[in-house]
Every structure is written in structure tokens, then in C-alpha cells.
Amino acid sequence: MKQLLYTISALAIFATTACRKYVEISPVNVRELKYTKDYQGLLYNSFQLTEKNYLYPVYASDEVWTADGAVWQNNLNINAGYAYCWLPKIWSETQEDQDWASQYTLIYNTNIIVNEVMSSEGGTDADKIKAYSEALVHRAYAYYTLVNMYAKQYDPATATTDPGVPVVLQANFTSSLKRVTVAGVYDQIINDLQTALPNLSPTPEVITNPSKAAVYAILSRVYLNQRDFIKAGSYADSALQLKNTLVDLNAYATNPTAYPAKLNDPENIFSKTVNGFLTGVPLSNDLVNLFDQTNDLRYTLFTKAGADIPASNFTNRGYYKHRLVNQGIYVGPKVPEMMLIKAECEARAGNTSSSVAILNALRRKRFTTAGYTDLTATDPQQALQLVITERRKELMGTGARWFDQRRLQKDNGFISTVNRLFKGVTYTLAPGSNEYTFAIADKYILLNPEIEQNPR
Amino acid sequence: MQLQANGKILPYPLQKTLLMMKFTALLVLATCLQLQAKTYAQTITLNVKNSPLEFVLAQLKKQSGYQFFYKDAALRNAKPVTLEVSNRPFEEVLNLCFKDQPLNWSIVKKTVVIVEKEKDNSMVRVDTVPQSQATGVPQTVSGTLLENTGKPIHDAAVALATATQSDIRYTRTNEQGVFSFSEVPPGSYIIVVTHVTYNRVDRKIKVTNAPVSVHISMAPFTDEQKEVEVVMNNGYQSKSKATQTGAANVITAKEIEASPSTNIMERLEGKEPGVLFDLRNNRIQIRGTNGLSATTGLVAPLVVIDGFPAIDQNLTNIPSASVDKGNPLTGKVIPATGNAILSTINPNDIESITFLKDAAAAAIWGSMAANGVIVIETKRGRRGMPQVNLNTTWSVSNPANFKNLKTMSGAEYIDLEKELFNLNMYADPITSWKSQEVSDAINTMFRASRGEITSAQRDSMLDVLGNRNNHGQIKNYLLQRAVTQQYNLSLSGGGDNSTYYLSGNYTRNVPVYKSNVNQNYYITSNTTNDFFKRRLTIGTNLNYTYAQSQINTAAINAMSVGNTGLRPYEMLVDDNGVPIQRSIDFTKSVTDSFTRMGYLPWTYNPIDELKYNNFIDTKSTVRMRLSGKGVLTDWLTVEVSGQLQRSNDQQDNLQNKDSYLTRETLNMATTYNTTTKKLVYGIPLGGIYQLSNIRGEDYGLRGQFNINKSFKEHHLNVIAGSEIRQSKVTGTQQTMYGYDDDLGTSVVVNPGVAYNVLTGGTNTLHNFDNGIYRSIRRYLSYYGMLDYGWKNKYFISGSLRYDDANIVGVDRRHRAQPLWSVGSRWNVSSEPFMQNTYPLNRLSLRATYGVGGNAPNGGQNYTTVNIGLTDPYTLLPYTSIGAAANPMLGWETTKTANFGVDAGFFNERISLTVDVYKKLTENILYSIPVNATYGVTFLQLNAASLKSHGVEVSLTAVPVKTQNWRWSTNFNFAFNTNKVTDNRFPNNTGSIAPNMIYNNYPNDNVWAYAWAGLDSVGQTQVFDSTGKKLNSTAGNTSKKQMKYMGRSTPPYFGGFTNTIQYKNFTLTARITYYLGYVVRKIDINSGYPNSNGVLSGMLDNSEALAHRWRQAGDEATAKVPGIAHINFNSLDWYKSADFNVLNAGNIRFQQLTLGYSLPQTVIKKINAFKSITANATISNLGIIWRANKEGIDPDYANTSNFTNLPPSVNYTFNLNFSF
């Protein structure tokens, strides 16, 4: 009897005086970042993280418009309404700026990868370098978006003094958030992209992942904004060498819903989407009137009367391409955009015919076969004008126009004053206006007063 | 570890035998009336030689069926017993056993209570009669024993003792209550009469030269006398309350049964000082919070059932209903199932609930103890005759009164729609077939603007609409009377070496919303078995709970803002009682034409939806506990126990093919093929069935040594042990399409394949279904507790516990921390100088100090990553950052100092307990807002410290106690306040954010803006810090003037309970009070037009909106901002304005219970029962007093929402039969 009890007690003590190893297991589903695939996995989170880009430039651009008093206007979300009217501030001091926050969240994730993945476990060097390089590209893209929304347009003369955006390169929560100059941010972007470039595959495994083609395309955009048209053109060309497939819209003229979805879209180079779901984007009459409304398939397939777009609340023409497959508005670089950059650079270099030739190569896939005619230009300035017009049509509804409006102010005659009537009040956006640069949300300045506000 | 690996559990020792006896004794004291000892052997045969008293008592217990109740300490000086008796009366044998012992005994009901002689001041003793023995002729002493009512008392034990007690004789009363002793020599004697259900009577007599005849009357035993000793259980051991150093109190089954509500929270509210039962939010809080955020801080106390933490830490468990997307583990609570969802514990099975409040009481639970511990013990059998108990409860209440609903009338609502219409907020639905349907009123306005009707016609049509009110129809068709039924059957008893308790319970709860029902089944089996001459006791507890809730939100949706909400003038049925079918997604003519094309019907009516759209939550929990306790020596026992808990929570969201959601989803995915002239279905026809399953698996294993040693006047009690525990959760989710309810079949779909959408474009189902959610928590602990008592006057206690857990990424140095406590107690009334202090009969002082902890659950030392996720488009496995690294992470610790006084007056007619405490919580983990520029918006940091202090007072008195009347009253009061002490939280943010904390203010601070009226366009202005008016569109960063309004949780609260007993009737009234806090009145809902950019369906119809700004000039009187120029700040500032904060103090009449128990005379005639009692309870009697002048019930301040109305009066009837 006693022996039995002693045995039980001994067992009890043995069983529960457990070694510390008992509690040193990782909970399932969550662990500290450890393996290379954990880091790579962060980059595969495209739907929630890496694809998200901007939203408010869409509202602010001059291609979005409805008449005053339209139900769309009256029902507009308060912050979107502020962006639509270029109010000095969009966000109240307790609200997060979704565009700013989404890009910096991506930067935080990429910083973790850039700083840690090379010492992670369980991956080959090639795996690590792949994740490292892809993270650099996403980071560069995020800074590219931020510097073009929240800082003045790059001007070679003042870029080294104009405040850019805070550059955070470490995943910590204490570093200074003082704004780096515009030139500094651009240097950071180019540096990241160039570092990543040699280690990337020419084209991506899935379109949400960076590739050499993506880097060339981003660099092309970067230099276009820096007005380095030679480099911009040359990188556009490099991108096109790796990917140049165009969709012939004639194939979808009768069956628009068969239009390829994001992953299969042959024109996509690097997938980024508008940060939010827009039921409809009402297009300004100026833009709508640019189209050949019978033969331009972009008009017939990608726009619709507001009344035919569900839950759109406006009656004028609206952007519809994103509703064909309902996967959001793509704003990442695509083959047509690269062609347009190349055409623009050719025009700016004085090569009228090659510029127009590129435009026509694109337009051929955009018009009905019966209704197509080549464009012609007599001089580079006319060619440039054609390119800019074609950009408006090809890139409509994506907010790209907002960045063109900023950029093209450096060229005479492209950008004029925009007026908007909203709830009985007229709002004006003149070239050179401070409102071409979004304000940094008050909340961030309250938390970190070293962040300097843009002139209002 | 092998033990755990193959799934076996080691046996767990029960309490040592003595404790067990004490425990069962307590049971006797606590459970309902146990009458008549007639059935037990009343004579004893015993033959012992030098046996320990304990052993002898065990024999006596076995033979008599009586329980013995004593403290271990009491027996330490007992002498061995040598005795040989045969067929002697029980009382006589007792007297023989106790003849030379330093102990007194008395019979209290069916229990022999043993106390030390020098301590025995609470009980009547056999007084020494002066020596006056004379010689003479022996006489007869006889007497009759009657109840005060005149009824004879039979079977009472009568002792006749000589003054020196050298000679004691025994007899029993007969059926007529007559007893007699013959041959009594003259002298002084004392007659002691004892009976199980009557108070003991001592009568001195003198025998001279004539026979003596006495009439003795006895009063039935009453409550306050029997509570000689309260035993409380801290989950690891049972202790006498009289030796306890910590602040702890126990609520017994009897008290729980006294208020027969089906909701355990309702039973307990206002009973325990310092324990806040928030019925509205289903929260329990002990001594305020130790977390920073008033709502999200870790405020919940640990819930322990039968010695192990419960698998479900919610006393009140409400099923969640967020099956539709994302992680099934993070369910949200929906209010559809009403107010009385029971916990996973059958309230009838609860033996006692012990609240451990301060460090010394709770520190044995270490890292889980900082917020207090609630220890629930379930009932066990006791040796003796089987007892059967049948309990039925039925309760009913009406839906809340619509009159309390502060909403706009139909006309006012139409007026709001008119304004919106004039502001051109609506698109004319006829412009496109894709337009959404608008309300009848808006439609009428469009018809007038299109010229189809004249403006006069429009106005008269709107008048007709405006005069309608759908409240009556909602009440008739969507609501019902709430009914709860509860049936409980239990069987308990035990033989020489075993006890058993079996119970079954069925509860059915029908809330006021139709098509909702909740059913619970509970089965419990608790047994103990003794082996090897009681050297080994094996105990088992088996408990199975099955709870099923059917949730249908159609009724709630009909009364809520949104597409399925009913505007005030929208009726449910037409004049002929036919349900009105409304279109939501498209206009009626469009949906009708689709239906003609072969689409599914596309209209909505809430009455139909009651049948088709059901969410069923089925939860079953199994709890198995096995324990073994071995006696190694007379002072050392070892206990091993293991508990296994399994829970399975299955949520079935069956959207029947006829439910609106399914019809809408299918129709939207259906297109018409112009070539084949057929409909093409993108989603298979049939129901949509979402299934999610959450499995919890918990095991715990514990080994523990108990030392219980007395030597001379010292008493030492030590426990030491170690335990491991694992808690594992797995969750899965699946969606099935084309589900056929009859066949149980579904159609396999590829969620990645695009289908054509009716309104154009394509879509994919891209489910978020494919994840398995898992989590594992492991804990390892070593613990010890020491209690030392000297002379039963001075006690000290100490505890030490070391906890370790698998917290990801945290270093052992930070992960595990020793937590400790010390305490002392002085039973002042045991001192010689305190012997003659009438009316004070009991006084003790307690002082404790200790540290409890909270494991750092929220933050991480390293960045963590969530794994096992799949991107819906690329189908690549992705990870995401779970929590950002916090390199400064550490433990939250709470230091508590407690000082307490317990006192009794007038022989316990008045008893008083006062506790004063101070707490300091340090390193509180808090989500600090971080600049989103760093990539996260919140960061878990060990952010601040919180100081709190409080007072708890409990006063119980029995002001009236007569033959037939008894009035007892209990008043308890608690005060608790706290202050954040960390200068990292200066009060200079200048704007109100939810859950913000500020240095030097309580964590549940409520701030408001200094309201500065509306501006000329009807938008809110507030004063800035310099006193200037701030415009809502200024968008500047200047600081606003912020006014501190008070706290959101009541600092003063408690209960006041009065019980009046007249014969067999008992009337109990309970009043609760909550004072000194504020509440924000929410009179504008989220559906305020245009606040979120969407205008569809039913809008906010708060009454306040009827008083909104409409035109210039209104700002002189209006407070609610106008619609035309509304903006975020304006609405936000209005909601946070100072005038919207109310003093929330209130006193409520919570419960009135009338109980009746059938008199014994009647029971006897029925013969089948031991007792029959009936109770009728009225609860939610409403507010008696409120501090605010607006007549708003502060706990239900959102007055425009039906789900937020104060519950209406509830009537409960309860019947209890004992066999």
C-alpha cells in the first residue's frame, strides 16, 4: 500500500516537474520570423499588402467629374469629397490617411525583409536574395508613390532642398521622421531598384511579384518624373524588350466579360491596384470627348453610361474596365504605358515619326479594324501632344492623370486651371497651386512634430 | 511527458479524508432542508482501544449517518479513545468519546459540530451546576417537548446530567414528545435537549423529594446559527474562513438558489462587495481593472472549476455569429439570443463560488491571479440516504416597451427624406434598371417631380405614409414573449466508502426575437471512492454540456439601420394580413421582370426570413477530472489530479435556398444567354451553407503534497506542487454552395473560376475558407503555500508561485517570473482580554501583501508572423506580420496590499466585514498609438502604471428574530478608483480618441468637447484651448478644449438585500446601486445620412434627428448638426459634446422573490417528499432613482435602438421537490 502511494507520488512529481522544454514550443500559426519562406511569404500577401497603392489621386485628377448636385457628389464620402475639391486638408486630426498608411505599412514589411532575410534559416542563398531584391522593389515603388503624392513635383533645380517624405529604412518605432529631400527620396528609390535589378528574373512568376521588367518600368517612370527623357525612354525600351504583349480589344468587342483577369492580363508588368473599391469613376466630358466614340474600343468596352453601372449614382460616362472582372483598378506599370513613355521620349528627342509609329502600334489594338486610321504628326511638338492625349485615353480612370497633371506643369501649355462646382461652391486648381501636393495628415504631425507640413 | 503523450491522465487525490468530511458537512449545512433522522441507526456499537479520535468519529459517522464538522486544528489535542459500548444512543456515545477531550460537541441539524472548549463561545455549553448533591429518595423526572406551536417533538435526544457531568443519562422523546428518567437522586441537574431541526435547549432543574415534570418548548433551527464554520476553496486546497488571511468570500449553493434566475450573473449581482456584475455587457470585474483600457484591458478574473481553469473563461457564453468571413476564432457577439444565455455550467450544480480578491487569497494562481479568481466547486454526494431533488423554473417576460424607444415618427422620418430629396441625395430609380429601390416616400417625391402626380397628391400620399406606425406589427409578427424553462434533476448519496452526485439539466430559452431559441443540456456525475482503509481516495468528475442556439437576425434587422430595416411607415403585412414583399437591390418592376424571366423571387419580407435564414451554434463541452489522494502519514498526503476538457463549437450558417441572401447571391450570379435563351447560373442553385468548427482541447496535470501538522499550540499547513497545462484550439471553416437541405448534398465549385454577373462584368467566389486556425498554449508552474497558526489566534500565510508559458519569442528571463504573497491574521476575540466584550462576540484583523501577474500575452519581443494563409487570387501561401516587435516587453504585475476586519456582534446577529486595499499595477501592456509612418498604427508596449485603491464593506444583520418572524438584511458597498501614473501620457492631445489614457486620470476617463453651438451652416463648433470657437471644416491642428467628465465604470456600487421570513414564507428584495460614473448619450446612430457616403435602405431614425439644424437661424436652438454641410468633425464633435455626457448614477430594484415551503405537517401526510418549496420572482423591476434629469436609463443610453432598450419586467416561477 505504502509503496503504491510512494510510487504515485514519485510519478506525480516526475510528471509535473516538467522540464522547461515543455513550454518552449512555438504556438501553431504564429511564430517569430525565422525561415526564409516566412519573409518571402510577406511578399506573397498581395491582396492585403503589396498590391495596395493609392486612392485619393483618382478623385483629385481632372478626368473625374460630375455636374454639381449630382447624386454622386452628394453621396461622396466626406474625405473623398475633400480630395475631389482639392481642399487644403483631407483628414481630420484623428483620422489615418489610408494612402500614406498603406504605403508605409508596405515599407515596414519590406524593411523587415531587407534587414533580416539574409540571415534567415531554411532557405538557399538564391531564395534569400530573391526575397531581398523583391522587397527592395516594393519599397522603391512605395516611396515613388509617396514622393509623388506628398512632395512637390521633382524639379532638378530645387529637388535637393524641397522636402520629400520621411524615409524609414529600419523596422523600428523611434527613429526621426524628418522629411528627406525630394532628391534624396529619388536617390533612395533608384538605389533600391538598381540593387535589386541583377537578382531578379526577367519576368515574374506571378504578376504581383517584381521582375527585371518591373524594375525597368519603374525606373522609366522615375526618370520621366525627373525629366531625364533619355533614361526614361531607354528603360521603357528595356521593359518592352522583356514584355511587349498587347491585348487586341477586337477579340473582346462582343464578349467584354472574357477580358483577362489580373493574373492573365498579358499587358500587366507589375500589378498594383487602387487602394479601395470604387463602384464607378465618373469621367469628365473633356476626356470623354477625346474618344472616337464609335471606333475606339476603349470607349465602348471600358466606359459606360453611369446609369448602366450598378450603384454608381451618376449619369455621365464612367470608367468601367475594373468592373469587367471586378479585381480592382490596376495602377501598376503596363505594356501600353511603357510604349507611351517611349513615344513621349522619342517625341521629346525630336523623333516625330518613331514616336507616332509607337502610338499607332498601340492604337491598332485599340480600335475596330474597320474604323482604324493611323495618326500622323508633322513635328515633335505635335507628336508630344498626340502622346499626352493618348495617355489620357489609355490610362484613364487610374489616377495616372493626377501625376501627369503635376509633371506636365513643367511643360508649357499642357495643363490649365481646373474648376469644380461642388455643393454650390466653385473650387479652382491653378497650375503651380499648393494643392497639387497632398497635405500630410495632421495626426502624423501631432505624433511626430518633426514632420514638416506642406505649404497650404 | 509520456503521460500526456499517450493521452492518459494521472489520478488526482481528493481532499484528505478529513477535509472531505468537512466538505460534505458543509454540503449538509448548505443544501436544502434535510429532515428526520429517524431512518438512521440511532444506536451505536463501538469497540475501540486507544484509537485516534478521528478514527472513532469516522466509525460514528458510518453508523449514525451524521456528519462531523470540525477544523483539523481542533482535533490536534484530542486524546485517544478507549471505549466499548453496545447499542447505546448516539448522543451518549458521543458524550463518552468526548468525556475527557478538550472539546465540546453539539448537534446542528444532521451534523455534529466539534469545537475546542476554550474557544467555544458561540455555542451553548453544558453549564456546570453548583455542587449541591443531596441525599434523598430518587424521583422521576419527566417532561414533554413541544414546538412553540404546540406540536409535540418526537425523537429528540434528551440528556440528564449531573452538575459535575459525572453521570449523564440519555433518553429520547416518544411520538407525543414525552420523555422520562426514573430513579433520579435529588440534586441539581441539567437537561439538555437536542434535535436535528430544533435549537438545543438546556434546562436546569433541581430534584428534591417529589417527581419533577417539565415542559420544554423548542424553536426550529434558523439560519444564522448554523454557519459556524465557512470553508472556502482556492482551487488547490480548502481552508477555514476563520484562519484565512486573505480577502475572499464564498457564496454557497443556498444563496445561489435563493434567487432562482436562469442567468447566473443575475443570481450573483449585488451579492458580493467589490465584484461588479455587468449584466448589460456580460462582464465580471473584481476590484476594478488592472488594465489600461476600460474596455479592452485585461479585466476578466480567472474562472476555475473544480480546481482547474475552465476551458471557456466566460461565465456567460454568448455564441458568436461571424461565420461569414475570416477567422472563425474571432467571433463577434450578436444580441439576437437575448439576455439569459447560460454559462457552460449548470447553476444547480454549483456547490459554492469563492471570490479570491486580494493577493494572499489569489496569489496561488500566480500569473493569472492579478484580476482576482472565481473558484467554482461543483456538488458532490454525501454519505447517507439517497436524496433526489427535482427543480423546475419557468420564467417569462414581455418584449421591451416600444414607448421607451426614442425614434422619429413616420412624418418626421418623411420630413428627413424630403430634406435629403431636396438636397439631391437620391438618384431617380427609373433612370436605369440597375438603380437601387428607394423608399415609398422618395418614390412618391420622384413621381411628383416627374409630373406623374400633382404636388397636392404627393402631399396627401405622404400624409398617409406619415401617419403609419409599424411598431404594432413588428411586435406582433417579429417579437414574442421571452420564455425560459429549466428542469433539473439530481440524485446524490453515498455508502461507506463512496459518494455520488448525479444531475441532469435541461434549459430552454426563447428570447423576444422570433425564430431564436437556445437549449442547454447538462449532465454531471461526481463520485468519490475510498480504498485501503481510506488511505487512498479516488474522485471522478464528469461533466457534459450541450448548448444549441438558433440565431435569426430578421427581427433585429427589421429594426436596424440598413437595407433590411423597416422605415417607420413601412408595414410588415397589408390590410389583409398578407406579408408585403419589398424589393431592395432593384426597383420592384425590375425584380418582377427578372422573376418573370425565371430568376428566383427577389423580394424581401422579414416574416418570411424568420423561416429561412438560420445560424445555429452548437457547443458541447466535456470535462473529465480524475483525482487521487493518498495518505502517506497522518500529517502528509499526496494528491495527483488531472483534468481533461474538450469543447466543440460548431457554427452552421445555413442560408436556405429561400433566404433572401441566397436568392440575392444566386440572382446576381445568373445571366441570360441570348443565344440559347436560357439562364446561366454562376453559382449552383440551392442553399449556401457555411460551416465552421472550433475545437478546444485542454488538459492539466497536477501533483501536490499537503502537510498538515499540529504540535502543541502550533498548526502548520503547507502545500507544494507543480502543474502543467496545455490549451489548444483548432478552427476550420467551409462554405458549400447548391446545398440541398433534404438530401444533405452540395455542389462542388471552383471558387477561382469567374462567373458572369447580372449587372455586367465577372466575379469569383474566392472564398476565405481554406485556412485552419490553430493555437497552442502551454503552461508550467511550481507553487507552494504555507499557513501557520498559533493558538488559533495568530496566523501567517505565505505563497510562492513560478509560472512559465510558451509565449512566442520571449526569453525565459522575461517569460517566467516568481509571484508571491504574505499575509497575517489575528483573531482578536480569541484573546483572553476579549472575552467580555458584549455585544462584540467576534473580531479578527487581516493584513496581506503580494504580487500577482498577467502574462504578456499581447506583445512580443520579436516580430511575429502569421503563417498558413493563402492569397485569394494568386493562391500563393502568404504570411503576415502578427505583431510588431517590442524589445522592451515585460510582465504586468499587480501589487496588492489589503487590510481587513471581520467582526460579529450580538452573537452573530450582526456581522461586518471591511476590506481596504491598495493596488499598484506596473508595466501594463497597452496598445499605444504609433505614427503610421513607422508602418503600424498601434504598438503593444509595457506602457504605464496604474494605481488603484478601494474599500469593501459587507454588513449583515438580523434585526428581527421571533418565533415566526425573521428579518435579515445585507448591505454591501464597494468603492474603487484608479489613476494612471505615467508621464508618457500627458493630457495634451487636444482631441478625443476612444480608449485614450492620460496621466493622473482614471483609465476609464470620459472626456468631452466644450460645445460652442452650431455655426451658420449648422455644423458643430467647439471651443479651442484659448476659448475661441473652432469651425468643423477648419482642419487645423489647434488644440480643442477638453473637459473631464468622469469615469465610465461606477466607482461606488453594491447591493442591498432584505429577507423577511414568516413561518414558511420568505420574501426577498434586492436593490443594486451604481453611483459616481458618467455615460455618453448616443442619440445619433451610425446611419446618420451621409456620414459614411452611402444612402440606402433605412436611415438613422433617432428622435434627436428630428431636432436637427435645417436652415439658417436654427443654430439658435438646434444642437444636432444639419445634413446639408455635414462633415466628419461636425458629427464627431457633436457626439463627444459635453452636453451629451450624463451622470449615470442609478439605483435599481432588481429582484423580488416570494418563497414558500410546504410545512412539515403537510409533507408528512404526502409522505413521498422530504420538502417542497415554491418561489416566484419578479426581476428587472426598473430604476428607482437616477441621477440624470432626462429620464434616461444610463445603462441603456442608446435610446433609439430597440436592442438597447432596458429589459422589461421578468417573472420567474420555481418549484423544488426533494424526495
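Chain A is the first sequence line, chain B the second, and so forth, proteins listed ahead of strands; every chain is numbered from 1. We use all heavy atoms of the structure for the numbers below, so side chains are in, but hydrogens, waters and symmetry mates are not. Here the structure is a predicted model, which is why all the values come from computation and not from measurement.
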>> Is Asn756(B) close to chain A through its backbone or its side chain, or both, or neither, when contacts mean heavy atoms under 4.5 Å?
In response: side chain
> Given side chains that start at C-beta, do those of Thr759(B) and Ile309(A) come closer than 4.5 Å, heavy atoms only?
Replying inline: no
> How far does CG of Leu876(B) sit from CD of Gln40(A), to the nearest 0.5 angstrom?
Replying inline: 9.0 Å
> Which atoms of Gln103(A) come close to chain B, meaning under 4.5 Å heavy atom to heavy atom: side chain ones, backbone ones, both, or neither?
Replying inline: neither
>> How long is the straight-line distance from CG of Asn111(A) back to OH of Tyr934(B), given to the nearest 0.5 Å?
In response: 12.5 Å
>> Between Arg323(A), Gln170(A), Glu205(A), Gln95(A), who has the most heavy-atom pairs with chain B when the cutoff is under 4.5 Å?
In response: Gln95(A)
> Which answer fits Ser880(B), side chain, backbone, both or neither, if we ask what part of it has an atom under 4.5 Å from a heavy atom of chain A?
Replying inline: both
>> Can you tell me which of His1125(B), Gln436(B), Arg725(B) forms the most heavy-atom pairs within a distance under 4.5 Å of chain A?
In response: Arg725(B)
> Using a cut-off of under 4.5 Å for heavy-atom pairs, which of Leu324(A), Val165(A), Ile112(A) has the most such pairs with chain B?
Replying inline: Leu324(A)
>> If I compare all heavy atoms of Tyr104(A) with all of Thr933(B), which pair ends up nearest, and what's the gap?
In response: CD2-O, 3.1 Å
> Which one, Thr315(A), Thr208(A), Asp308(A), Asn313(A), leads in non-hydrogen pairs under 4.5 Å with chain B?
Replying inline: Asp308(A)
> Quick one: what part of Tyr82(A) sits under 4.5 Å from any heavy atom of chain B, side chain, backbone, both or neither?
Replying inline: side chain
>> What part of Pro166(A) gets within 4.5 angstrom of chain B, counting heavy atoms only: side chain, backbone, both, or neither?
In response: side chain
>> Tell me if a side-chain donor or acceptor on Asn45(A) pairs with a main-chain N or O of Tyr878(B) at a distance below 3.5 Å.
In response: no
>> Which one wins on heavy-atom pair count under 4.5 Å against chain B: Ser175(A), Ala439(A), Ala70(A)?
In response: Ser175(A)
>> For Tyr44(A) versus Pro877(B), what's the shortest heavy-atom pair and its separation?
In response: CD1-O, 3.4 Å
> Nearest heavy-atom pair of Val71(A) and Met425(B): which atoms, and what distance?
Replying inline: CG1-O, 3.1 Å
> Between Gln327(A), Lys304(A), Lys443(A), which has the largest tally of heavy atom pairs under 4.5 Å with chain B?
Replying inline: Gln327(A)
> Tell me, do Phe173(A) and Asn931(B) make a side-chain contact under 4.5 Å, heavy atoms counted?
Replying inline: no
> Side chain, backbone, both or neither: which part of Tyr259(A) has a heavy atom under 4.5 Å from chain B?
Replying inline: neither
> Non-hydrogen atoms of chain B under 4.5 Å away: do they reach the side chain of Ile107(A), the backbone, both or neither?
Replying inline: neither
> Val930(B) and Leu447(A): side chain to side chain contact (heavy atoms under 4.5 Å, CB included), yes or no, with the steps?
Replying inline: CA-CA 8 Å; Val930(B) 172; Leu447(A) 284 164; over 6 Å; no
>> With a 4.5 angstrom heavy-atom cut-off, is it the side chain or the backbone of Leu423(B) that approaches chain A, or both, or neither?
In response: backbone
>> How close do Thr937(B) and Glu96(A) get, counting heavy atoms only, and between which atoms?
In response: CG2-OE2, 3.3 Å
